[in-house]
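In what follows, a single structure is set out as structure tokens and then discussed.
Computed from a predicted model, the values in this text were never measured in an experiment. For reference, positions follow the sequence shown, starting with 1.
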Amino acid sequence: MRMNIIKLTVLAGVFASYTSCSVQNNTIKEAPTKNTAKPNNNTIKPKDPATGVKPVTAVPPSDENFRTVLPEVKREFRGAWIASVANINWPSRNNLTVDQQKAEAISMLDMLKDNNFNAAIFQIRPSADALYTSSIEPWSYFLTGETGVAPYPNYDPLQFWIEEAHKRGLELHVWLNPYRAHHSNGGAVNSLSMVNKLSDIVVRLKNGMYWFDPANPKTQGHVSNVVKDIVKRYDIDAIHFDDYFYPYATYNRGADFPDNASWNEYQRNGGTLSRADWRRDNVNKFVERIYKEIHAEKDYVRFGISPFGIWKPGYPAGIVGSSQYDELYADAKLWLNKGWVDYFSPQLYWPIDAKGQGFEALLDWWKSENTMNRHLWPGLNTVEIKVSDRPAEIKNQIEISRQILKNDAGEIHWSIAGLTKNTDMLPTLKNGPYSEKALVPKTPWIKAVPLQTPTLFTVDNGSFVQTNWSSKSIGNVFQWILFTQYNGIWETEILTLDTLSRDIPKSKGGRKLNAVAIKAVDRLGNESDYMAKKIK
């Protein structure tokens with residue numbers, strides 16, 4: 001769980017490294033040293049007297065606090081999908097020990113953190129099952145090798161992923177497949193499977209998969225209960241749906257989706273829509289419902305969908321390919337037009353120069369449909385895009401996205417394996433577009449209580465300045481931004497929540513430390529006001 005109370009401790013010489021610094025090469029003229037903050041008379045005490053650290057009373061002269069112009073911190077959403085279905089990404093096998101599962105998760109999260117990502121999109125419900133403790137659906141076959149069997153020794157994988165992601169300053173988005181009831185790679189259907197427990201609303205497709213009937217109110221109620229349960233019990237950052245609504249036609253070998261029972265019931269009750277419009281209407285109402293229910297439970301938890309990249313052929317002109325509108329009965333354009341999502345990640349899995357599915361043309365079109373100004377972060381096919389130089393292609397797609405999306409840029413990589421299978425991928429990203437850390441873009445349509453200004457303490461210890469900070473609203477803090485000014489030039493560093501102190505050298509590369517400032521950042525990327533102190 002996130003820390004609700006963090007006690008401030010002063011420990012000399014704790015941190016010696018300075019990672020992820022972004023140097024802002026603009027010289028700031030210092031404002032007159034007008035006192036705009038009240039003197040702080042807090043006495044900082046050591047957490048444990050047994051450590052031998054004496055209490056330090058930090059009561060700085062009032063003229064140390066000052067107002068200035070701090071540089072903007074880079075913002076961009078950088079996520080990666082982590083798929084559990086068919087053991088694509090995690091866990092890599094369904095017979096790993098708990099320690100092996102945890103080690104794989106930590107390795108993935110460390111890799112994302114070290115390469116300046118800021119979010120993981122983790123699949124916790126691949127097919128009406130759970131990679132978390134649930135009283136509604138059974139443990140996943142992909143976790144333990146048998147549907148309904150808990151990991152041993154028992155632990156909650158989702159809770160583990162949340163805690164480890166947040167420790168590293170990463171958001172954790174939980175990815176659910178809403179309508180798939182059983183995957184063909186998911187082992188035998190047993191008595192604990194939802195295929196048997198909810199057999200009245202499940203149909204079998206010709207490829208061996210089982211699917212919930214999206215038109216049945218019981219389906220919608222069941223999935224709604226699953227989502228609300230997760231949002232209520234876990235400290236997640238977002239709920240995420242993928243592109244599977246009604247299944248792709250190949251899943252049923254070209255035959256129509258077998259929903260005669262619910263269709264006939266609709267007609268008996270006087271329904272007037274065509275069958276295709278009725279199916280789309282079912283999904284539309286469901287998407288709107290989920291969006292509203294998530295925010296009713298926890299307003300700061302976002303809702304994202306990653307639909308198929310093409311709405312319909314011909315939109316925009318020249319686009320050809322499958323139509324999610326007609327095949328999946330997913331009117332994704334409507335959801336974006338209505339603002340029923342907080343972020344929208346169309347799967348633009350084609351090369352920039354693809355004929356009929358141009359990356360830039362499709363992203364431009366989706367942006368033109370983003371009338372409610374929600375986040376638009378395309379999905380990139382990092383793992384298998386059909387080009388000769390995959391790293392260069394993905395880098396160029398990121399650059400095009402930045403040009404189109406401006407200050408609300410971002411992308412999600414399919415999948416995390418694409419970042420590691422090609423040895424040049426991560427170096428190309430980290431030495432290029434991901435060379436520095438970034439905050440996620442703000443979500444201004446979700447109202448948040450403003451964070452209080454953090455309190456900053458500095459003590460001159462000779463060759464360095466012992467710096468500590470805290471906030472009265474620390475329960476709502478997700479990250480910190482530390483600003484240090486050398487010879488009039490500000491540097492910024494994004495820090496994790498549990499980082500509450502830093503020993504800052506008074507001289508670096510022949511440059512003198514002039515000032516230090518701190519800001520808090522909340523779960524939605526909103527920044528607090530800052531406290532800044534001059535260093536003499």
Side-chain angles (χ1 to χ4, degrees), residues 81-96 101 121-151 156-158 161 173-216 218-230 239-253 257-259 283 286 290 305-308 328-330 347 414-415:
W81 279 291
I82 302 169
S84 57
V85 66
N87 298 106
I88 292 174
N89 298 134
W90 188 92
S92 61
R93 302 193 315 272
N94 63 11
N95 61 353
L96 296 181
Q101 290 176 4
I121 293 84
F122 172 47
Q123 189 177 33
I124 64 164
R125 184 187 184 260
S127 48
D129 51 3
L131 279 81
Y132 62 97
T133 305
S134 172
S135 62
I136 301 175
E137 294 184 324
W139 285 103
S140 177
Y141 168 87
F142 304 116
L143 185 69
T144 64
E146 186 175 350
T147 300
V149 172
D156 191 319
L158 175 55
W161 274 84
H173 297 212
V174 296
W175 163 20
L176 293 77
N177 186 289
Y179 295 132
R180 186 166 56 210
H182 184 79
H183 195 279
S184 52
N185 289 329
V189 174
N190 64 20
S191 61
L192 296 177
S193 171
M194 301 313 293
V195 169
N196 286 320
K197 288 193 169 187
L198 293 176
S199 59
D200 57 325
I201 59 173
V202 172
V203 298
R204 190 177 190 276
L205 305 178
K206 294 183 184 298
N207 72 343
M209 291 194 190
Y210 291 84
W211 220 261
F212 286 110
D213 178 4
N216 195 303
K218 191 173 177 181
T219 293
Q220 297 171 20
H222 175 73
V223 180
S224 164
N225 288 338
V226 168
V227 172
K228 287 185 292 187
D229 175 59
I230 295 166
I239 292 284
H240 183 98
F241 285 174
D242 56 22
D243 56 321
Y244 294 98
F245 292 94
Y246 281 81
Y248 286 92
T250 55
Y251 284 29
N252 208 33
R253 295 179 185 167
F257 184 77
D259 56 2
V283 179
F286 174 71
I290 294 297
I305 297 180
S306 55
F308 182 66
L328 308 180
Y329 303 99
Q347 297 174 18
W414 170 258
S415 66

Can you check side-chain contact (heavy atoms from CB on, under 4.5 Å) on I239 and L176, steps first, answer last?
CA-CA 7 Å; I239 292 284; L176 293 77; 4.0 Å; yes
Side chain [X], main chain [Y], donor-acceptor under 3.5 Å:
X: N225; Y: G221; result: yes
X: S306; Y: Q347; result: no
X: T144; Y: V149; result: yes
X: H182; Y: G208; result: no
X: W211; Y: F245; result: yes
X: T219; Y: D213; result: yes

[atom1]-[atom2] distance between [X] and [Y], expressed to the nearest 0.5 angstrom:
X: W414; Y: I82; atom1: CH2; atom2: CD1; result: 10.5 Å
X: S184; Y: L205; atom1: OG; atom2: CG; result: 10.0 Å
X: R93; Y: N87; atom1: CZ; atom2: CG; result: 9.5 Å
X: N190; Y: K197; atom1: CG; atom2: NZ; result: 9.5 Å
X: H222; Y: N216; atom1: NE2; atom2: CG; result: 12.0 Å
X: N177; Y: S127; atom1: CG; atom2: OG; result: 7.5 Å

Of the non-hydrogen atoms in [X] and [Y], which two are nearest, and what is the gap between them?
X: A86; Y: N185; result: CB-ND2, 3.8 Å
X: V85; Y: R180; result: CG2-NH2, 3.7 Å
X: G148; Y: L192; result: CA-CD1, 3.7 Å
X: P138; Y: T147; result: CG-CG2, 3.7 Å
X: P126; Y: F142; result: CG-CD1, 3.7 Å
X: D242; Y: I305; result: O-CG2, 4.2 Å

Can you confirm whether or not the ring centre of F122 sits under 6.0 Å from the ring centre of W90?
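Yes, they do, as the ring centres are separated by less than 6.0 Å.
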Sequence neighbours excluded, every pair satisfying salt bridge (Lys or Arg N to Asp or Glu O under 4.0 Å) that has a member inside residues 125-151:
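The answer is R125-E137.
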So do the side chains of [X] and [Y] get within less than 4.5 Å of each other, counting heavy atoms only?
X: W81; Y: I88; value: no
X: V174; Y: W161; value: no
X: V189; Y: N196; value: yes
X: P178; Y: V227; value: no

Among F286, F212, F257, Y251, whose ring-ring contact (aromatic ring centres under 6.0 Å, His included) with Y246 holds?
F257
D259 vs V203, test: side-chain contact (heavy atoms from CB on, under 4.5 Å). Steps then yes/no.
CA-CA 8 Å; D259 56 2; V203 298; over 6 Å; no
Determine whether the side chains of D156 and T133 contain a donor N or O and an acceptor N or O closer than 3.5 Å.
yes
After noting the C-alpha distance and the side-chain angles of Q101 and L143, does the key distance pass the side-chain contact (heavy atoms from CB on, under 4.5 Å) rule?
CA-CA 9 Å; Q101 290 176 4; L143 185 69; 3.6 Å; yes
